[in-house]
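Shown next, in structure tokens, is the structure this report addresses.
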Amino acid sequence: MKKQTGIWIDSTKAIIVSLEDGKETVTEIQSNLENRVYHDKEVDKGSFFAGQHIDSQKSFDERKKHQINSYLKDVISTVNGADELYIFGPADTKTKLEKK
């Protein structure tokens, strides 16, 4: 019998439902993604170090990229072995998962 798996995913969590031999399994994976850059002073958009401006946004974007990759790898490892896979959700995270 084939294993059918559906993934509802957005940037905060993935809910995975698998059907195999008449048994249903539901798994939830939290993403733990940061959603915005936090500054000690909200008007400060970076800081200066040794005469160079360090942009908090660039650091945040790089961290978030690694967090998304880790999150998607966790989801992929959970659905490994599925014969049929259905991916849906409200955000573009589903297309990132599909590409991965």
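This is a predicted model, so every value here is computed, not measured. Computed from heavy atoms alone, side chains included, the values below leave out hydrogens, waters and symmetry copies.
To the nearest 0.5 Å, atom CZ of residue Phe88 and atom CG of residue Leu97 are 12.0 Å apart. Interatomic distance, Lys94 NZ to Trp8 CH2, rounded to the nearest 0.5 Å: 9.5 Å. Interatomic distance, Gln67 CD to Arg63 CZ, rounded to the nearest 0.5 Å: 7.0 Å. The distance from atom OG of Ser11 to atom CG of Asn32, rounded to the nearest 0.5 Å, is 11.5 Å.
With hydrogens and angles ignored, the 3.5 Å screen pairs no side-chain donor or acceptor of Asp21 with any backbone N or O of Lys23. A donor-acceptor pair is defined here as one N or O able to donate and one able to accept, closer than 3.5 Å; no such pair exists between the side chain of Ser70 and the backbone of His66. Remark: the backbone N or O of Lys64 is not paired with any side-chain donor or acceptor of Asp61 at under 3.5 angstrom.
Closest approach of Glu24 and Val17 over heavy atoms only: CG-CG1, 4.1 Å. What you find for Val75 and Ile29 is that their closest heavy atoms are CA-CD1, 3.9 Å.
Side-chain contact between Thr25 and Thr27: present, with at least one pair of heavy atoms (C-beta onward) separated by less than 4.5 Å. Considering only heavy atoms from C-beta on, Tyr71 comes within 4.5 Å of Ile9 through its side chain. Side-chain contact between Asn69 and Lys65: present, with at least one pair of heavy atoms (C-beta onward) separated by less than 4.5 Å.
Heavy atoms of other residues, nucleotides or ligands lying less than 6.0 angstrom from CD of Gln4 number more than 12.
A side-chain donor from one of Thr5 and Ser18 sits under 3.5 Å from a side-chain acceptor of the other.
Note: the hydrophobic cluster containing Leu19 does not contain Ile87 (ILVMFWY, side chain heavy atoms under 4.5 Å, direct or indirect links). Under a hydrophobic-cluster definition in which Ile, Leu, Val, Met, Phe, Trp and Tyr are linked whenever side-chain heavy atoms come within less than 4.5 Å, directly or via other members, Ile15 and Ile76 are assigned to different clusters. Under a hydrophobic-cluster definition in which Ile, Leu, Val, Met, Phe, Trp and Tyr are linked whenever side-chain heavy atoms come within less than 4.5 Å, directly or via other members, Val79 and Ile68 are assigned to the same cluster.
By the side-chain hydrogen bond (donor to acceptor under 3.5 Å, both in side chains) test, Glu20 is found to be paired with no residue, residues two or more places apart in sequence or in another chain being considered.
A salt bridge does not link Lys3 to Glu84: none of the charged nitrogens lies less than 4.0 Å from a carboxylate oxygen.
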